[in-house]
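One structure is given here, and the rest of the page talks about it.
Just the heavy atoms: all of them, side chains too, but no hydrogens, waters or symmetry mates, feed the values below. Every chain is numbered from 1, with letters handed out A, B, ... down the list of sequences.
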There are 2 protein chains.
Amino acid sequence: MEGATVRGIAKEAGLSLGALRHYFATQDELLMYAMQLVKERATARIAEISANEKWAPKERITKIFLELLPTNQEKMVEMEVWFAFTVYFRHKKDGFDAQHDGIYAAVRKLLDSADQLNLLRKELDKEMEAEKLYAVIDGLALHAYLEPQRVNGEWITKVLEHHLASLFH
Amino acid sequence: MEGATVRGIAKEAGLSLGALRHYFATQDELLMYAMQLVKERATARIAEISANEKWAPKERITKIFLELLPTNQEKMVEMEVWFAFTVYFRHKKDGFDAQHDGIYAAVRKLLDSADQLNLLRKELDKEMEAEKLYAVIDGLALHAYLEPQRVNGEWITKVLEHHLASLFH
DNA sequence: CTTTTATTAGCACAGTTGTATTATAAAAAT
DNA sequence: ATTTTTATAATACAACTGTGCTAATAAAAG
C-alpha cells in the first residue's frame with residue numbers, strides 16, 4: 001500500500017485533492033473501487049475465455065486456470081493490487097467478508113463442470129482436489145510475486161499445467 | 001504492519017521511545033530482528049523434529065512439512081508476522097534478497113532425502129514436485145490466514161497429508 | 001438569462017510517524 | 001574515586017496522512 005495515499009493517487013490522476021475527494025469521499029471508498037476494478041477486469045477476461053468455443057473443453061478449462069496466474073506484467077500488477085488490498089482490508093475486520101475472492105468457489109465450479117464432462121480421474125476426492133488446486137494457484141502466484149527471478153511466467157504455467165494433467169485422465 | 005510502529009512496539013515492551021531506540025537505531029533494524037526471531041523459532045522447532053528418531057523417516061518428513069503450516073494459534077501469529085514483514089521488505093528492494101525464506105531450498109532438500117530413502121514414487125519430476133509442494137504449503141497457509149473459518153488447522157493438515165501421500169508410494 | 005448543480009483547487013487541521021537531541025540515572029571500567 | 005559506557009526518559013522536529021472546509025469556476029438546467 002506504499003504509494004496508495006490519497007495525495008499520491010490524486011497526483012497520478014492529475015487531480016487536486018479536492019477534486020478527487022469529490023468522487024471518493026474517503027480513502028476506503030477509493031481502494032474498494034480499485035479492488036472492484038481489478039476484479040471486474042479479471043472476471044471479464046475469464047468470461048471471454050469461457051465463451052470462446054474454439055477450444056476444446058479441457059483446453060478451455062486449462063486456459064481459465066492459467067488466467068488466474070500472474071504470467072505477464074499486466075496480471076502481475078493486478079495481482080499485487082489485489083494482494084495488497086486484501087491484506088489491507090483484512091486488518092479492518094469490518095465488512096471484509098463481503099469482499100471475498102470467489103476464486104475458491106470458481107475452482108470448485110470448474111472442477112465440477114470438468115467432472116460432468118468426464119475429464120477427471122474417477123478416484124479423486126473433489127473437495128480435497130479443489131482445495132489443493134486453489135492452494136497451488138495462489139501459492140504459485142505468491143511465489144511469482146516474491147521471487148520473480150526464479151519463479152517466472154513460463155515456469156508457473158508449466159507447473160500448473162502439470163498439476164492439471166495429474167487431475168485429468 | 002498496522003501496529004508495528006516504533007511507538008507501538010515501545011509501549012508493548014514497556015519502554016520509552018528513547019530506551020527502545022538505544023537497542024534499535026532504526027525501525028528497519030527492529031523489524032529485521034523480529035523477522036529473524038520468527039525464523040529462528042521455526043527453524044528450532046523443525047530441527048527438533050528432525051533430530052527426533054522416535055518417528056519413522058516418512059512420518060518425520062511429514063511432520064516437518066506440517067510444521068510449516070499455521071495449524072495452531074502460535075504458528076498463525078508467526079506466519080502473520082513473517083508474511084507482513086515479507087511484503088513490507090519486498091517494497092524496499094534494498095537488500096531484500098538476503099532475507100529470503102529458504103523454505104524452497106528446504107523443501108527440495110527434504111524431497112531429496114525422501115528420495116534417497118526410497119520413499120518417493122519413481123516417476124516423479126522432482127523439481128516440479130518441489131515447486132508444487134512449496135506452492136501447496138504457502139497457498140494453504142495464505143488461505144488459512146485469509147479465510148480462517150473455512151480453512152482451519154485440521155483441514156489444511158488433512159490436505160497436506162493427502163498431497164504428501166500422493167508423492168510417497 | 002438566471003439559477004442551480006457539478007467540478008476543481010487550495011488550504012487548514014489534527015493526528016501519526018520515524019528519527020534526532022538532550023538530559024539524567026545507573027553500572028562498569030579505569 | 002573518577003571517568004566512561006550503558007540505559008532510560010522526555011521532548012522536539014519535520015514529514016506525511018486522511019479528512020474537513022471554503023471559495024472559485026465550469027457546466028447544466030430551469
**Message:** Whether Y23(A) contacts dA6(C) is assessed here as follows: a side-chain N or O lying under 4.0 Å from the phosphate OP1 or OP2. Is that the case?
**Reply:** no
**Side-chain N or O of H22(B) closer than 4.0 Å to phosphate OP1/OP2 of dA7(D)** =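 Yes, such a contact exists.
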**Asked** Below 4.0 angstrom, N of the basic side chain to O of the carboxylate: do K158(A) and E127(B) qualify?
**Response**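 Looking at E127(B) together with K158(A), the answer is no, because their closest N to O distance does not fall below 4.0 Å.
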**Item:** Side-chain ion pair, E129(A) and R121(A), N-O less than 4.0 Å
**Value:** no
In whole angstrom, give the distance that lies between atom [atom1] of [X] and atom [atom2] of [N].
| X | N | atom1 | atom2 | answer |
| --- | --- | --- | --- | --- |
| F24(A) | dT8(C) | CZ | P | 12 Å |
| L20(A) | dG18(D) | CG | P | 11 Å |
| Y88(A) | dT17(D) | OH | C1' | 11 Å |
| L15(A) | dA9(C) | CG | P | 6 Å |
| K11(A) | dA9(C) | NZ | C1' | 16 Å |

**Fill in**
E40(B) meets the side chain to side chain donor-acceptor pair (under 3.5 Å) criterion, sequence neighbours left out, with Q36(B)
**Prompt:** Aromatic ring centroids of Y145(B) and F83(A) under 6.0 Å?
**Reply:**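 Ring centres of F83(A) and Y145(B) not closer than 6.0 Å.
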**Prompt:** Does the R60(A) side chain pair with the main chain of E53(A), one donor and one acceptor, at a distance under 3.5 Å?
**Reply:**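 Judged by distance alone, no pair lies under 3.5 Å.
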**Request:** Output, in order, the C-alpha distance, side-chain angles, deciding distance and verdict of side chain to side chain contact (heavy atoms under 4.5 Å, CB included) for L164(A) and L133(A).
**Result:** CA-CA 8 Å; L164(A) 290 176; L133(A) 177 52; 4.1 Å; yes
**Asked** Which parts of nucleotides 11-20 of chain C does protein reach within less than 4.0 Å, heavy atoms only, written one letter per nucleotide 5' to 3' as B for base, S for sugar-phosphate only and - for none?
**Response** BB----BBBB
